[in-house]
A.B. asks: 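Dumping the structure here so I can ask a few things about it.
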Amino acid sequence: RPGLALCAGCGGRIQDPFLLRVSPDLEWHVACLKCAECGQPLDETCTCFLRDGKAYCKRDYSRLFGVKCAQCRAAFSSSDLVMRARDHVYHLECFRCAACGRQLLPGDQFCLRERDLLCRADHGPPPDGA
């Protein structure tokens with residue numbers, strides 16, 4: 001309802017004939033809804049992400065808050081295949097032994113020390129009972 005809503009961006013009353021609603025309870029002037037990082041206008045044609053009361057475009061939200069590869073620290077795209085070791089996530093090409101550089105494949109035995117992956121040849125056999 002124009003005239004009654006307060007803009008989440010500037011705090012002013014929305015008197016405009018149109019407003020943008022993000023999530024069920026935040027309303028914005030069309031001109032105020034912009035990415036907090038790059039300033040790209042966020043309208044009904046693009047995806048908008050909210051974090052701590054700020055709006056972000058998809059690219060900046062992923063770059064700032066998305067899961068990143070434990071090796072190269074780059075973000076993942078939706079089409080990337082990944083490997084996981086405990087709570088670390090890696091690009092396939094980054095899932096390599098830190099000592100010899102050999103790419104580790106599904107089924108390979110490895111050891112994780114800090115963020116370093118080590119193939120079986122470089123970390124040795126597991127201790128008895130492990």
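Below, all heavy atoms of this structure are taken into account, side chains as well, without hydrogens, waters or symmetry copies.
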A.B. asks: About how many Å separate NE2 of His88 and SG of Cys69, when rounded to the nearest 0.5 Å?
C.D. replies: 11.0 Å
A.B. asks: Going hydrophobic residue to hydrophobic residue with side-chain gaps under 4.5 angstrom, can you get from Tyr61 over to Leu50?
C.D. replies: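 Unlinked, Tyr61 and Leu50 end up in two clusters.
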A.B. asks: SG/Cys94 to CG/Leu104 distance, rounded to the nearest 0.5 angstrom?
C.D. replies: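 Answer rounded to 0.5 Å: 12.0 Å.
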A.B. asks: Report the C-alpha distance between Cys46 and Gln40 in whole Å, list the side-chain angles of each, state the deciding distance to 0.1 Å, and finish with yes or no for side chain to side chain contact (heavy atoms under 4.5 Å, CB included).
C.D. replies: CA-CA 10 Å; Cys46 60; Gln40 173 188 347; 4.2 Å; yes
A.B. asks: Has Gln103 got a side-chain atom pairing as donor or acceptor with Leu92's backbone, closer than 3.5 angstrom?
C.D. replies: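 Answer holds: yes.
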A.B. asks: Suppose clustering is done on Ile, Leu, Val, Met, Phe, Trp and Tyr with side-chain heavy atoms closer than 4.5 Å. Which residues sit in the same group as Leu118?
C.D. replies: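 Traced through the cluster, Leu118 reaches no other member.
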A.B. asks: Is Phe95 reachable from Leu105 through a run of hydrophobic residues whose side-chain heavy atoms are each under 4.5 Å from the next?
C.D. replies: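 Different hydrophobic clusters.
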A.B. asks: When rounded to the nearest 0.5 angstrom, what distance separates NZ in Lys68 from OG in Ser62?
C.D. replies: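 Lys68 NZ to Ser62 OG: 8.5 Å, rounded to 0.5 Å.
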A.B. asks: State whether Asp116 and Arg113 are salt-bridged, where the test is any N-O pair (Lys NZ or Arg NE/NH1/NH2 against Asp/Glu carboxylate O) under 4.0 Å.
C.D. replies: no
A.B. asks: Looking only at non-hydrogen atoms, find the nearest pair between Ala5 and Leu19 and report the distance.
C.D. replies: CB-CD2, 4.3 Å
A.B. asks: Could you tell me if the side chain of Cys48 sits less than 4.5 Å from the side chain of Lys58, heavy atoms only?
C.D. replies: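 No. Closest side-chain heavy atoms not under 4.5 Å.
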A.B. asks: Is the centre of the Phe65 ring less than 6.0 Å from the centre of the Tyr56 ring?
C.D. replies: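 That pair passes the under 6.0 Å test.
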A.B. asks: How far apart are the closest heavy atoms of His29 and Gly12, and which atoms are they?
C.D. replies: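 The pair with the smallest heavy-atom distance is CE1-O, 3.8 Å.
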A.B. asks: Hey, does Cys57 have a side-chain heavy atom less than 4.5 Å from the side chain of Leu42?
C.D. replies: yes
A.B. asks: Please check if the number of heavy atoms outside Arg73 that lie under 6.0 Å from its CZ is greater than 12.
C.D. replies: yes
A.B. asks: How close do Val22 and Leu33 get, counting heavy atoms only, and between which atoms?
C.D. replies: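 So the minimum-distance heavy-atom pair works out to CG2-CD2, 3.7 Å.
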A.B. asks: Counting C-beta onward and ignoring hydrogens, is there a side-chain heavy-atom pair between Arg13 and Leu6 closer than 4.5 Å?
C.D. replies: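 Yes, side chains in contact.
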A.B. asks: Looking at Arg102 and Asp108, is any side-chain nitrogen of the basic one under 4.0 Å from a carboxylate oxygen of the acidic one?
C.D. replies: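 Salt bridge present between Asp108 and Arg102.
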A.B. asks: Going by an N to O cut-off under 4.0 Å, is there a salt bridge joining Glu37 and Arg63?
C.D. replies: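 Yes.
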A.B. asks: Please report the closest heavy-atom contact between Ala75 and Asp80, naming both atoms and the distance.
C.D. replies: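 Minimum heavy-atom separation between Ala75 and Asp80: O-OD2, 4.3 Å.
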A.B. asks: Going through the distances and angles, do Trp28 and Val30 end up as a side chain to side chain contact (heavy atoms under 4.5 Å, CB included)?
C.D. replies: CA-CA 6 Å; Trp28 303 69; Val30 172; over 6 Å; no
A.B. asks: Measuring only between side-chain heavy atoms, which start at C-beta, is Arg51 closer than 4.5 Å to Lys54?
C.D. replies: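 No; the side chains remain at least 4.5 Å from each other.
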A.B. asks: How many angstroms lie between CZ in Phe110 and CG in Asp122, if you round to the nearest 0.5 Å?
C.D. replies: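 Spacing of CZ (Phe110) from CG (Asp122) equals 14.0 Å.
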A.B. asks: Output the distance between atom SG (Cys38) and atom CG (Asp60), rounded to the nearest 0.5 Å.
C.D. replies: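 So the gap between those two atoms works out to 4.5 Å.
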A.B. asks: As a quick check of understanding, evaluate side chain to side chain contact (heavy atoms under 4.5 Å, CB included) for Arg84 and Tyr90, giving each step before the final call.
C.D. replies: CA-CA 6 Å; Arg84 295 180 183 272; Tyr90 300 82; over 6 Å; no
A.B. asks: How close do Pro41 and Lys34 get, counting heavy atoms only, and between which atoms?
C.D. replies: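 Heavy-atom minimum between the residues: CA-CG, 4.1 Å.
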A.B. asks: Could you please spell out the steps behind the side chain to side chain contact (heavy atoms under 4.5 Å, CB included) verdict for Cys119 and Arg96?
C.D. replies: CA-CA 8 Å; Cys119 67; Arg96 297 179 172 276; over 6 Å; no
A.B. asks: For the pair Phe76 and His91, name the ring-plane relationship: parallel under 30°, tilted 30 to 60°, perpendicular over 60°.
C.D. replies: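 Tilted: the ring planes of Phe76 and His91 meet at 30° to 60°.
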A.B. asks: So which atom in Leu117 and which in Ala85 form the shortest heavy-atom distance, rounded to 0.1 Å?
C.D. replies: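 Distance-wise, the nearest heavy atoms are CD2-CB, 4.2 Å.
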